[in-house]
Amino acid sequence: MKDPFPSGLRDFGERLRSGQCSALEATEALIHAVRYEDEKLRAFVHLDEDGALAAAGAVDTRLANGDDPGPLAGV
């Protein structure tokens, strides 16, 4: 699994806005990581995968339409 934040969140936000990566891809990677790690940790009671994926898709759609939803959107 590829780390969506290899250079930190600020860099991720910049790459997201430039189209080098997507919020949906990052969210999918993080869901995968949570599933993997939580098998050992059992730290999550509930993981709203559908909600997270929908929110990420909405960020990608807004960016694709030329709207910048703010510096934390997608992060």
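Basis for what follows: all heavy atoms, side chains included, without hydrogens, waters or symmetry-related copies. The structure presented is a predicted model; accordingly, all values stated were derived computationally and were not measured.
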*Asks:* For the NE2 atom of H32 and the CD atom of E37, what is their distance to the nearest 0.5 Å?
*Replies:* 9.5 Å

*Asks:* Do F44 and I31 sit in one hydrophobic cluster, given that two such residues count as connected whenever their side-chain heavy atoms are within less than 4.5 Å of each other, even indirectly?
*Replies:* yes

*Asks:* Under 3.5 Å, is there a donor-acceptor pair between the side chain of D38 and the main chain of V34?
*Replies:* no

*Asks:* Measure the CG-CG distance between N65 and L63 for me, rounded to the nearest 0.5 Å.
*Replies:* 9.0 Å

*Asks:* Output the distance between atom CD (E25) and atom CG (L16), rounded to the nearest 0.5 Å.
*Replies:* 10.0 Å

*Asks:* Give a yes or no answer on whether the side chain of D60 reaches the backbone of S22 with a donor-acceptor pair at less than 3.5 Å.
*Replies:* no

*Asks:* Tell me, do S7 and F12 make a side-chain contact under 4.5 Å, heavy atoms counted?
*Replies:* no

*Asks:* Could you tell me if the side chain of E49 sits less than 4.5 Å from the side chain of R35, heavy atoms only?
*Replies:* yes

*Asks:* Hey, quick one: are L47 and Y36 part of the same hydrophobic cluster, counting side-chain heavy atoms closer than 4.5 Å, chains of contacts allowed?
*Replies:* no

